[in-house]
Amino acid sequence: MRIRLPLFAKFMLTYICVLVLALIGGLVINFKYAEILESQTERYNEVILQQSQKVLDEKFLAIEKLLYDAFFSTEINNFLYASKSQSSYYYDMYVASRELSGMTLNSKVAQEFAPLNIYLYQARSDVVIDGTSKYDVEYYFSQVARYNDMNLQEWKDLQLRYKWRASFSRKRAAFGGVLQDVITCTNTLPLAPANSNLGTLGIMVPTEPFQEVLKAGIIDKEGAAFVLDEEGTVLISAGSAAFPGIDLLSGPSGLYSYSDDENQAIVTRLPSSTGKFTYISVIPASIYLRQIRSMQNTTAAIIVIMLLIGALLSLLFARNHTVSIKMLVTSLKQHAFTRSDLSNSANELDYIGKTVLSVLAENNSVKQKMEDYLPLLQSSLITQLLKGDNPDSAKTVASLEASGIYLDKTLFCAIAISLVGGKYDTADVEYDAAGNSANLARFAASNVVSEVAGQLGVAYSAAIGLEYIAILAGSDLECASFEEKLEAKLREAMVFLQEHMGIYLRFGIGTPRSVGDIHISFREARTACDLSLYDPLRDIVKYQDIEVSSQSYSYPVETEMQIISSVKNGSKERMRELLQEVISENFKVSKLPLELARCLFFDIMSTAIKILGEMRIAYNEAFDAEPMRLLTSCKNISEMENVLIRIFDGLCEIANNKQTSHNEKLKESLVECIDKNFQNPDLCLNSIVDIFHLSPAYISRFFKESVGINFVDYLRAKRIDKAVWYLKNTDMQVNGIAERVGYTSSVVFIRNFKKIHGITPGEMRIRL
């Protein structure tokens, strides 16, 4: 007994140490594996959703482009302004219907979304036309495209509700002969203030092609995918809808608990490239939990087996006073995680040592992978904070601290950064001659700005799409001191990047706030950054320094009418003066937010479209390039002003050319009419008025200005010249010649002849 007890105790101690090390390694690997598997599942779901997002964005943009092509059509705009009292009303309707038919048959959208219907509702005559025919509104609503959830008056009110850009909605309608879900994309015509709506252009397409794309992006048959519009309404859905309790409108991304703690799903949210839609993918958490449970069960089984084997070995050792190390090695070979390099062990103890080292190496590998993913995780968490996730929740705090982010400062200030100009403009994704790219520039800018801002406390960076680099800076300084020193640090970083790397930045700085209002500071920073992009004189803009006119912009109807009048009269100087007054009023007297600034310039552009309709000018004749694309590509107000002035200068030149051409034709017609009818004794200014339907004063003034002499003198000279010809070439009497050239009295003829030539017709014949 003196020998058995110490030997048994030593064996048990050795066995327990080896077993504990193996179990700890297995548990660590199991825990890390669960975290990685959840992260990979979320990332894979996000990648799949991004693919669906790209395809659906292209489909939505294709429909919206077809709509823009339609409402920029001269034929459609002509019918829009037509009324039944005009003689050309039905011709304009026919031409507009033929234009819609061509777009329906020839567009790629029509080939992809069959059936497809492009329609124009003209409010002035209360009719609807499409590519096939003209409909009474009541007939069109009841027979062609009937919506189940609205009546005719509701449909008409929806059509005339002012929309300055395309609006998408989903309805249940009898479309194409089948009751189905359809998406309707509409836009009010013309592009003008809401009180001048003349009609609506609409495109109706089935939702099935969109649903097929969403179904292809669902990674599990139990999952679901949704597309939400700007108001948070579900536009398209696909897959299972059995996720009660999930908040699609404003819920978080990531692991989401709903109904109760036993039900969980992974929710992924992505905004569209245009900002109009939100793409959401939902998959049950059981997808990766099944794999985790399987691994947990396997680990538990191994633990139980190893405990049973250890107990058996202890009993055998107690009975036989010894135990073979080989039995332990055999047990490890049967149940431990083995590798190929363990087969070359020198002996059993060497094998046991290598087994333990293998477990530790696996653990270190998992840690290294987690460290590699740490920057991406930090960026994701910062992005969630900037977008409004609650930073005070226990779950959020734990996630932030685990990734090395600490929100223990008094004030936090959000900074929005945009790359502009230089060789690293973010609009250019190609590599330059030095082998650098825009992504490299964004990386460098993010690191440099984070470094200098962090000197005041802490600073964390995140990429917000391709538009902004976001910096979250925290400090314990007083608010005024923090703002002043932060602006100085940002200018220091900006100068360094310009001089050493050729990177040009524009900054928007939000108001320093407490940790709970970080998202408000970031929203202010984005607004300030947007303003800096439209003001070339300010590269660092603080939100507190902005005088924002958030109500509306100023573009009076009287000013618009004066612009239209000056263009139609060809007066470039007056037109430029009026445009500069509007721009000065909205951008120098007050500061417009970005969205209202865009609305104003597109509103002014709608005035140009209105001029085309009133002057009957073809769209291609007026514009060499797409004016909307030119405006959206401008980087500041000055560039947009220059583009508008060039567009309106071109319209003035067209108006001048048309006026000159009209005057030449009128002059030729007047002279030709006199030359053909001067022998008629009744020909006079009043008879010319009856022919050309113009006032006597206008014809008299126009004839004098264009020909050089007045109407009466020209008619007298024409008659006397012909009389001279008769005197020279015929033997006709003076009375007969007077009648031939349009005089009823020979006395009047002789008096006019002598007034021009100084002698009588008889004396002229003698001289000839």
Side-chain angles (χ1 to χ4, degrees), residues 39 42-47 49-51 53-54 57 252-254 268-275 278-279 371-389 391 396 399-400 403-405 407 412-431 436-454 458-474 490 493-494 496-497 501-510 518-519 521-530 532-533 540 594:
S39 175
E42 292 179 7
R43 179 57 183 162
Y44 180 67
N45 190 36
E46 181 179 358
V47 171
L49 185 60
Q50 285 175 345
Q51 296 175 356
Q53 172 207 19
K54 181 178 180 181
D57 276 352
S253 294
T268 303
R269 302 172 184 275
L270 289 175
S272 67
S273 60
T274 61
T278 301
Y279 298 90
E371 290 176 358
D372 293 340
Y373 282 107
L374 187 59
L376 183 61
L377 177 61
Q378 288 181 339
S379 177
S380 176
L381 291 172
I382 292 298
T383 300
Q384 293 178 18
L385 283 176
L386 295 174
K387 290 185 177 180
D389 277 12
T396 303
S399 300
L400 292 171
S403 62
I405 300 174
L407 303 179
F412 286 88
C413 182
I415 307 162
I417 308 172
S418 179
L419 273 69
V420 293
K423 60 181 180 180
Y424 295 111
D425 196 326
T426 53
D428 180 12
V429 298
E430 298 295 331
Y431 286 90
N436 299 308
S437 69
N439 288 333
L440 178 61
R442 292 167 64 85
F443 177 79
S446 175
N447 281 274
V448 171
V449 177
S450 297
E451 182 68 21
V452 297
V458 295
Y460 307 105
S461 64
I464 310 297
L466 294 177
E467 296 181 61
Y468 304 98
I469 301 169
I471 304 294
L472 179 61
L490 293 181
M494 181 179 66
F496 174 86
L497 290 169
M501 303 187 68
I503 300 174
Y504 293 82
L505 305 178
R506 287 190 176 273
F507 296 88
I509 306 176
I518 289 174
H519 62 288
S521 181
F522 179 62
R523 185 166 62 244
E524 294 172 348
R526 291 180 61 173
T527 301
C529 187
D530 287 340
S532 72
L533 292 173
I540 298 180
L594 178 60

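- By the ring pair (Phe, Tyr, Trp, His ring centres under 6.0 Å) test, F443 pairs with no residue at all, sequence neighbours left out.
- A donor-acceptor pair is defined here as one N or O able to donate and one able to accept, closer than 3.5 Å; no such pair exists between the side chain of S521 and the backbone of C413.
- To the nearest 0.5 Å, atoms CG (L407) and CG (L381) are separated by 10.0 Å.
- Between atom CZ of residue F522 and atom NZ of residue K387 there is a gap of 8.0 Å, rounded to the nearest 0.5 Å.
- In this structure, the side chain of S446 does not engage the main chain of R442 through any donor-acceptor pair within 3.5 Å.
- Between M501 atom CE and L440 atom CG the span is 6.0 Å, to the nearest 0.5 Å.
- Between I469 and V449 the shortest side-chain heavy-atom distance does not fall below 4.5 Å.
- Of all heavy-atom pairs between A463 and T383, the closest is O-OG1, 4.2 Å.
- Contact of the H519 side chain with the R523 side chain is registered, since non-hydrogen atoms from C-beta on lie closer than 4.5 Å.
- Once rounded to the nearest 0.5 Å, the distance linking CG of L270 with CD of Q50 reads 5.5 Å.
- Under the side-chain contact (heavy atoms from CB on, under 4.5 Å) rule, L505 has a single partner from I540, V448, L497, L490, which is L497.
- In this view, N447 satisfies the side-chain hydrogen bond (donor to acceptor under 3.5 Å, both in side chains) rule with no residue, not counting sequence neighbours.
- Rounding to the nearest 0.5 angstrom, the gap separating the CG atom in L385 from the CZ atom in F412 is 9.0 Å.
- Of all non-hydrogen atoms in G508 and A525, the two that sit nearest each other are O-CB, 3.4 Å.
- Annotation: side-chain hydrogen bond (donor to acceptor under 3.5 Å, both in side chains) contacts of S272 (sequence neighbours excluded): T274.
- Here the side chains of S461 and I382 are not in contact, with every heavy-atom distance at 4.5 Å or above.
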